[in-house]
Amino acid sequence: MPVDDDVGSKPHKEKRAKEMGKQIRMVSPQRVQQDGRDRQLRVLMWGYLPASSPQRAPLLHPTQAPPPMNDQGWKSVCSGGCGFAMAISDGGKVNTWGSTGDLGQSYVTAGKHEERPEPFPLPSESPIIQAAAGWAHCAVVTDRGEVYTWGWRECVPASKLSTEANPKGLGSGSDREVYDAQLEERDGNEEGLFSRPLSLTDLVDPPDSALISSMDATLKNKCSNPSKGKASSPIEKLQGQSSKGLKAPGAGALVEKAGEEGLKKRRLAIEQSTSSESSTMASDENVSAPPCLVTLHPGVQIISVAAGGRHTLALSDKGQVWGWGYGGEGQLGLGTRIRTVSSPHPVPCFGSGSPYWQDIHTGTNKGINMVDVAFLPKVPGSHIKAVACGGRHSAALTDAGALLTFGWGLYGQCGQGSTDDEVSPCYVSSLGGLPVKAVAAGLWHTVCITESGDVYSFGGNQFGQLGTGSDQAELLPRLLDTPALENVHATSVSCGARHSAISTDTGRIFCWGWNKYGQLGQGDAVDRSSPVEVPLEGSCAREIACGWWHTLGLVVQST
């Protein structure tokens with residue numbers, strides 16, 4: 001998209017910031033109360049939220065969540081969370097529920113909040129406007145543009161950890177340095193942090209060894225030959241044609257090998273969890289950090305955050321992206337495989353000729369090996385309007401509707417036609433000419449929606465999470481051309497670990513993918529490789545949000 005000559009001027013930037021802020025307010029959940037019936041917004045939940053049902057049984061059907069405390073209503077539902085749900089109340093409080101206090105370190109993140117939603121205690125009283133949860137960390141944005149984050153210590157910027165937040169009272173001296181060095185050493189070990197019990201790579205199921213064994217058997221059957229499927233090229237769709245999607249040589253073998261390696265690591269994780277359960281629980285205190293304020297450059301106002309497996313992205317009102325946490329596969333987009341980024345750094349999403357680049361990278365990239373901007377391709381647009389985080393990959397949308405991806409690419413989740421990692425934001429050029437308005441990322445896959453309401457997906461597909469009707473991986477975006485979505489205009493999208501969901505302009509919800517815990521809302525535990533509609537019993541969906549093993553819908557009763 002052409003850029004105006006005065007795009008870099010101060011008046012233009014101020015105007016753009018105001019326009020972005022206005023746009024956010026127009027579509028944000030805070031503005032949803034347009035008439036009396038909007039005060040009857042309800043949250044429906046389905047999937048694995050153990051404290052929300054007797055005997056911790058999965059919720060196979062959409063079930064109404066208890067209302068927030070103090071007779072408040074709901075404003076928004078939040079993506080992410082392993083075994084716990086998040087939603088924001090009318091009063092701007094982030095509420096969590098569904099977790100129990102005895103299920104390991106990933107659940108400590110939510111607090112010991114059980115059946116009833118309870119406000120999560122934060123250092124600030126400012127209303128929360130948006131929130132997200134990763135594997136074992138959370139982040140929220142206040143109406144003042146501040147970000148608070150908590151959970152796994154490696155996901156929380158080290159520069160703002162207080163003395164109380166340090167393990168065993170460690171300060172900033174030699175003891176602190178020794179502890180940090182130990183974390184780095186463990187993180188760099190192939191069988192280190194990722195392979196301890198309840199970690200992202202080794203254990204993507206709730207902590208039940210019998211369930212894990214069942215998953216292993218399923219994964220063995222579904223990881224074979226995932227790259228033989230046909231795909232509809234977005235460019236050919238524009239031309240009214242169809243053909244086979246491009247495939248990288250050897251992709252099937254690579255994906256199959258990855259599945260086998262994952263199985264080996266899961267077995268190791270199970271052995272570790274059964275032999276050292278007490279020591280694992282004791283270490284929770286050492287790896288968890290309480291909520292803290294994220295320090296950004298003066299004047300930076302954040303409007304949204306996204307949380308992945310072990311990394312976080314934040315988007316400012318001026319359309320700049322900041323990232324921190326784990327970046328070993330390039331998911332922070334900094335041009336390197338740096339493992340730990342302990343303070344927020346700007347993510348270079350545009351080339352050196354962009355005023356965006358000149359504005360935010362002057363004097364802000366010291367101390368880190370950034371990508372050589374001369375090699376960055378020209379990307380349509382001038383600023384970023386949305387971000388998403390998957391397990392170990394990320395996505396961003398420009399104001400021109402261009403989709404950028406970066407990070408782990410083994411399953412094709414970067415949509416570049418290969419299984420290579422992308423350490424810098426890379427334009428998904430195969431979607432050229434199709435402006436994208438929304439994107440979401442799961443553990444191994446990515447789903448996006450175009451302005452015309454079409455749905456495209458790519459990446460891992462072992463459980464049907466792409467919705468293509470098969471279990472074949474896709475290395476390029478593939479259109480979901482299925483009868484279920486005929487004449488359906490999708491408006492929003494969300495991804496769980498291995499399932500996906502969209503909501504439509506008519507208030508319908510469709511889900512597909514992994515359904516072991518009822519996260520598709522169909523009343524059973526059968527996986528679906530094609531979209532199926534979720535019965536809402538006379539309600540219309542306003543928002544949809546997937547957790548790792550559950551789904552939330554913000555709905556209003558139809559009239």
Side-chain angles (χ1 to χ4, degrees), residues 1 3-4 6-32 75-76 78-79 88 92 94 122 124-132 139-149 157 160 293-307 312-324 332-333 343-350 354-365 379-389 394-404 425 435-439 492 543:
M1 174 178 288
V3 179
D4 294 338
D6 63 339
V7 69
S9 64
K10 183 176 180 181
H12 181 88
K13 288 186 289 185
E14 291 177 350
K15 179 181 178 182
R16 187 178 69 190
K18 290 180 180 179
E19 289 176 348
M20 283 195 67
K22 181 179 179 181
Q23 181 182 16
I24 293 296
R25 287 192 294 272
M26 288 175 63
V27 301
S28 69
Q30 297 95 293
R31 304 294 175 178
V32 76
K75 276 187 179 180
S76 178
C78 309
S79 297
I88 300 173
V94 60
L122 293 171
S124 172
E125 293 297 324
S126 298
I128 303 301
I129 62 171
Q130 195 257 336
V140 299
V141 181
T142 72
D143 65 351
R144 299 173 58 183
E146 300 170 327
V147 176
Y148 287 87
T149 186
K160 286 300 292 182
L293 177 65
V294 177
T295 301
L296 295 161
H297 289 285
V300 174
Q301 300 289 310
I302 300 300
I303 57 175
S304 68
V305 289
T312 308
L313 296 181
L315 176 65
S316 78
D317 59 350
K318 292 181 173 59
Q320 68 189 56
V321 181
W322 300 81
W324 64 90
L332 294 179
S343 61
H345 279 72
V347 180
C349 294
F350 294 87
S354 168
Y356 167 94
W357 176 274
Q358 297 170 359
D359 288 347
I360 71 169
H361 289 285
T362 302
T364 62
N365 60 352
V379 176
S382 61
H383 59 270
I384 300 299
K385 66 177 182 179
V387 291
C389 290
S394 306
L397 288 181
T398 76
D399 58 313
L403 175 62
L404 309 177
V436 177
K437 68 176 179 180
V439 63
S492 65
E543 290 182 5

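These values consider heavy atoms only, across backbone and side chains, with no hydrogens, waters or symmetry-generated copies.
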Side chain to side chain contact (heavy atoms under 4.5 Å, CB included) between Phe350 and Thr398, intermediate numbers included: CA-CA 10 Å; Phe350 294 87; Thr398 76; 3.8 Å; yes
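- Between atom CG of residue Asp143 and atom CD1 of residue Ile303 there is a gap of 13.5 Å, rounded to the nearest 0.5 Å.
- For Glu543 and Ser492, the side-chain atoms include no donor-acceptor pair closer than 3.5 Å.
- Residues Pro157 and Thr149 come closest through the heavy atom pair CD-CG2, 3.7 Å.
- Side chains of Trp322 and Val294 form no contact here, defined as non-hydrogen atoms less than 4.5 Å apart.
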Under the criterion side chain to side chain contact (heavy atoms under 4.5 Å, CB included), I'd like the reasoning laid out for Leu397 against Leu403: C-alpha separation, chi angles, the key distance, then a yes or no. CA-CA 5 Å; Leu397 288 181; Leu403 175 62; 3.7 Å; yes
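- Residues Ala131 and Cys78 come closest through the heavy atom pair O-CB, 3.5 Å.
- Within the model, atoms NZ of Lys318 and OG of Ser382 stand 13.5 Å from one another, a figure rounded to the nearest 0.5 Å.
- Trp324 contributes atom CH2, which lies 10.0 Å from atom OG1 of Thr295 (distance to the nearest 0.5 angstrom).
- The minimum heavy-atom distance between Leu313 and Cys389, with the atom names listed, is CG-SG, 3.7 Å.
- Between the NE2 atom of His383 and the CG atom of Asp399 there is a distance of 4.0 Å, given to the nearest 0.5 Å.
- Ala139 and Val305 make their closest contact through O-CG2, 3.8 Å (heavy atoms, listed as atom of the first residue, atom of the second, distance).
- Summarising the geometry of Gly145 relative to Gln301, their closest heavy-atom pair is CA-OE1, 3.5 Å, with the distance given to 0.1 Å.
- Remark: Ser394 OG to Leu404 CG distance equals 11.0 Å, nearest 0.5 Å.
- Distance check, rounded to the nearest 0.5 Å: OG of Ser304 to NZ of Lys385 gives 12.5 Å.
- Closest approach of Val141 to Ile302, counting heavy atoms only: CG1-O, 3.2 Å.
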Would Leu122 and Ile128 count as a side chain to side chain contact (heavy atoms under 4.5 Å, CB included) if you check the C-alpha gap in whole Å, the side-chain angles of each, and the deciding distance to 0.1 Å? CA-CA 10 Å; Leu122 293 171; Ile128 303 301; 3.8 Å; yes
